[in-house]
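Computation of the quantities below employed the complete heavy-atom set of this structure, encompassing side-chain atoms and omitting hydrogens, waters and symmetry-equivalent molecules.
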Amino acid sequence: MVIIDLIDNIQNTGETGTNKKNNALTGESCVLVIFGATGNLAERKLFPAIYNLYRDKLLPERFAVVGLGRRVNCREEFQKEVCESVSKFSRKVNMQICHNMLQFFYYQRLDLNNPGDFVRLETLLSRLDFTHGIYGNRIFFLAVAPDCFIPIVEQLRSCMITKNNNNSKLRLIVEKPFGRDLHTARNLNDTITKVFNTNDVYRIDHFLGKEMLQNIMIIRFANSLFEPLWNNKYIDNVQISVSDTAGIGTRGKYYEDAGALRDMVQNHLLQLLTLITMEPPVSLEVGDIKNEKIKILQLLQNKSINFCSENIVRGQYGKGIINGENVAMYRCEAHIAPDSATETFIAMKLSINNFRWAGVPFYLRTGKRLPRRSAEIVIEFKSLPGVLFFEKYDLLLPNILVIKIQPQEGVFLQFNAKKLATKGEVVPVQMDYCQNCAYPEDSPEAYERLLHDIICGETALFTGWDEIEHAWSFTDKIAAVWKTQEVLFPNYAAGTWGPLQAQELLQRDGRKWWMI
C-alpha cells in the first residue's frame, strides 16, 4: 500500500490536466511577496517558474505577485523586466500569455532599513487582499543575501505585516544557505519561528525539486529488482558527484565566505546521501520520511581529526582551459582575496555504520571549473566470484546503476552480455533511460515544482530544521579541523577533475571514479 500511495502522490502532484482544477492542484488564494525581485534568482528562476505555472493553469485563480527591490522605479518597468526574463530563461515562451500574466504583478521600491517602506508594503498588501480576494494569505520569498534574512523578518514583525487575521495563512520561503554554521543557523531559526509557525517555514534546497531526486524513492521502493539488492551484501560502493564547469561568476562575496563545504556538501550532497541510504519509511507522511533521513545524518557525527585528514580532500582551482577557452584562477575572480584559502572542490569518503550499509564506502565529490556539468549517483554492485565467466574473461566490468540528475535526467544500467560475434566474447552493455532527452523543454524546472508545492501547502520537498541542524553539526566538525591545517592553493587546474589526491582517495581502495 505504501508503494501504491507513493506512486499516486508523485503522479498527482505532477498532474497538469484541466479536470482537477481545485485547491488540491492549484492551492488557495495568496499573494507572493518577493524580496530581491530585481536580483539574479528572481530573473533566472522565479519569474520563469511563475510564468510556467500560470501557463499550465497551476496557480490559484485569486493570486498576485509583489516584487520588492531598489533598482526598478515603477510597476511598468518591473513588468517589462519580468517578461524579458521569461523570454530569456523560460523553457517555453508565449509572449501573449506572459503579457496576460502581468495583470497581477505589482512592484514597490523598498529599503530594508526603512520601516516606512514596510508600512507602505502592508498598505499595498491590504489593498490586494480586497481587490484580488486573497483574504490575507501571504507567502514571503527571501530571494536576497543571507545577511538580510533576519532584518527582513524582524521588520515584518515590527510592522505587523505578519499578523494573522481570520485564520489567514502566512508562509516564509528561505533560500540556502540557512546560516553559516550551526550557531548562526540556530539564531536564524529562533528569529524566524518567533514570527512564523514552524510548519509554515519552507527552507528551499532547489536540488530537492529536481525530477530525478523525486524519482529516487520510486526507483528504490517501487521496484523489486533493486530494493532486495540495496545493501552491503550486493553493493560495493556508492559515488555521488555534482560537478560544474562554471566558476563563481558574480557570487564572489558569498562564495568566499561559504566555499564548497557550506555551499554544496552541507545541503545538496548530504540530501542526496540520505535519500539513497535511508530505510523505508513506515508511511509517506513527511515526518516519517524526514525521520529516516535524520537517522542517516546522526550516523555521520563524531568524525575525528584523523578522519578528516585521511578521508577528505579539498582543492581550489587555478587557471586552465574550459571548453577551449582560457579561464582565470579562483584567486583572480571578482571579490576574492589574492591569498584566499576557500575551497572550490571537495571529495570525501564516508561510512554509514548500520546493519544495511556497514562496510560500504560512500564517495562524495563536488567542485567548480571541472570538465563537465553534471549531477549523478553511481551505485556499483559487487562482482561475482572469480569463476565461470569471471575466470575466463579478465576485463568484465561490474554492474552499475546510475541515477542521472542533471543535465540529463534518467537511469543508466550497465550489465554484461555476449557480443554479437562467433567468438563468444562478453562485453558490458547499457540500458539508458533518459526522460528529458527527446523533449528537454517539457521538463519542469525545480522552482516550478517547489513554488507549486508551497502554494498548495505541501512540505515533502523542503528541508526540515532537524535535518539542517544535524547537517551543520557534521560540516562544522570538518571546518573546525581545517582551521588547524595548512593547505597549498591552488592545487588543481581548471578543466581537470580536481586535485590528484581525489583520485588517490579511491585508488587506495582499489576503486576509481566512474565517468558515465
Side-chain angles (χ1 to χ4, degrees), residues 146 174-190 203-208 213 216 237-242 255 257-279 289-315 341-354 356-367 375 377 462-485 487 498 501-502 505:
V174 185
E175 275 284 333
K176 79 170 185 71
F178 196 89
R180 188 186 181 277
D181 50 29
L182 182 56
H183 173 73
T184 57
R186 283 174 173 165
N187 184 40
L188 175 58
N189 191 65
D190 290 343
R203 303 167 188 87
I204 277 194
D205 181 343
H206 71 271
F207 251 53
L208 295 182
L213 258 78
I216 289 176
N237 72 89
V238 177
Q239 301 177 17
I240 301 175
S241 296
V242 181
Y255 201 91
D257 188 54
L261 179 66
R262 296 181 176 91
D263 184 53
M264 293 296 295
V265 175
Q266 186 272 338
N267 39 73
H268 298 338
L269 267 67
L270 290 185
Q271 283 293 321
L272 290 173
L273 180 66
T274 58
L275 288 170
I276 284 294
T277 57
M278 62 182 279
E279 293 295 319
I289 294 173
K290 290 183 177 179
N291 285 341
E292 295 302 331
K293 294 166 70 177
I294 289 170
K295 290 177 184 178
I296 297 298
L297 294 173
Q298 289 175 324
L299 290 171
L300 298 178
Q301 310 302 317
N302 302 320
K303 298 302 182 184
S304 65
I305 293 178
N306 289 337
F307 165 82
C308 294
S309 301
E310 298 173 2
N311 297 284
I312 300 179
V313 175
R314 53 178 164 155
T342 298
E343 77 287 352
T344 62
F345 176 95
I346 185 169
M348 61 176 63
K349 174 186 174 182
L350 298 177
S351 59
I352 297 175
N353 291 319
N354 61 11
R356 180 187 289 264
W357 295 114
V360 177
F362 292 84
Y363 302 104
L364 280 61
R365 173 178 63 171
T366 185
I377 302 168
F462 298 90
T463 310
W465 165 244
D466 288 346
E467 294 176 76
I468 291 176
E469 192 171 28
H470 286 292
W472 274 127
S473 295
F474 171 69
T475 53
D476 277 1
K477 289 181 174 65
I478 297 173
V481 172
W482 282 354
K483 288 182 179 179
T484 67
Q485 300 174 337
V487 61
Q501 293 91 330
L505 187 66

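The side-chain hydrogen bond (donor to acceptor under 3.5 Å, both in side chains) test applied to D181 returns T184, not counting sequence neighbours. Every side-chain contact (heavy atoms from CB on, under 4.5 Å) that N267 has, sequence neighbours left out, goes to K176, D205. Among residues two or more places apart in sequence or in another chain, the side-chain hydrogen bond (donor to acceptor under 3.5 Å, both in side chains) test is passed with D476 by none. For E467, the side-chain hydrogen bond (donor to acceptor under 3.5 Å, both in side chains) criterion is met by Q271, K293, not counting sequence neighbours. For R262, there are no side-chain hydrogen bond (donor to acceptor under 3.5 Å, both in side chains) partners, not counting sequence neighbours.
Between I204 and F462, some side-chain heavy-atom pair lies under the 4.5 Å cut-off. In this structure, the side chains of I478 and M348 come closer than 4.5 Å at one or more pairs of heavy atoms. Within the 4.5 Å cutoff, the side chain of R203 has heavy atoms near those of the N189 side chain. For the pair S309 and Q485, the minimum side-chain heavy-atom distance is below 4.5 Å. For the pair F362/L300, no side-chain contact is recorded, criterion being any heavy-atom separation below 4.5 Å from C-beta on. Put simply, the side chain of R365 reaches to within 4.5 Å of the side chain of F345, judged on heavy atoms. Between L272 and I276, the closest side-chain pair of non-hydrogen atoms is not below 4.5 Å. Between I296 and N354 there is a side-chain heavy-atom pair separated by less than 4.5 Å.
A distance of 13.0 Å separates CD1 in I240 from NE2 in H268, rounded to the nearest 0.5 Å. Atoms CG and CE, from L273 and M278 in turn, are 12.0 Å apart once rounded to the nearest 0.5 Å. The CG atom of L208 sits 9.5 Å away from the CD1 atom of I216 when rounded to the nearest 0.5 Å. Between T342 atom OG1 and Y255 atom OH the span is 8.5 Å, to the nearest 0.5 Å. Interatomic distance, NZ of K295 versus CG of L299, reported as 10.0 Å (0.5 Å rounding). The line from CE of M264 to OG1 of T475 is 13.5 Å long, rounded to the nearest 0.5 Å.
Looking only at distances, no side-chain donor or acceptor of D263 sits under 3.5 Å from a matching main-chain atom of G259. The backbone N or O of V242 lies less than 3.5 Å from a partner atom in the side chain of T366, making a donor-acceptor pair. In terms of modelled atom types and a separation under 3.5 Å, the side chain of E343 and the main chain of A260 share a donor-acceptor contact. W472 contributes no side-chain N or O that, together with a main-chain N or O of R186, makes up a donor-acceptor pair within less than 3.5 Å.
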List the steps and the verdict of side chain to side chain contact (heavy atoms under 4.5 Å, CB included) for R180 and D257.
CA-CA 8 Å; R180 188 186 181 277; D257 188 54; 2.8 Å; yes
For I346 and V313, what are the C-alpha separation, side-chain angles and deciding distance, and is it a side chain to side chain contact (heavy atoms under 4.5 Å, CB included)? CA-CA 6 Å; I346 185 169; V313 175; over 6 Å; no
Q. Could you go step by step and tell me if Q239 and L364 meet the side chain to side chain contact (heavy atoms under 4.5 Å, CB included) rule?
A. CA-CA 6 Å; Q239 301 177 17; L364 280 61; over 6 Å; no
**Request:** Could you check W482 against I312 for side chain to side chain contact (heavy atoms under 4.5 Å, CB included), going step by step and ending with a plain yes or no?
**Result:** CA-CA 10 Å; W482 282 354; I312 300 179; 3.8 Å; yes
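Sorted by first and then second residue, the salt bridge (charged side-chain N to carboxylate O under 4.0 Å, His left out) pairs with a member in residues 267-276 form an empty list; sequence neighbours excluded.
D466 and K290 are not joined by a salt bridge, as no carboxylate oxygen comes within less than 4.0 angstrom of a charged side-chain nitrogen. E279 has a carboxylate O that lies under 4.0 Å from a charged side-chain N of R356, or vice versa, which qualifies the two as a salt bridge.
For A471 against L297, the heavy-atom pair with the smallest separation is N-CD1, 4.4 Å.
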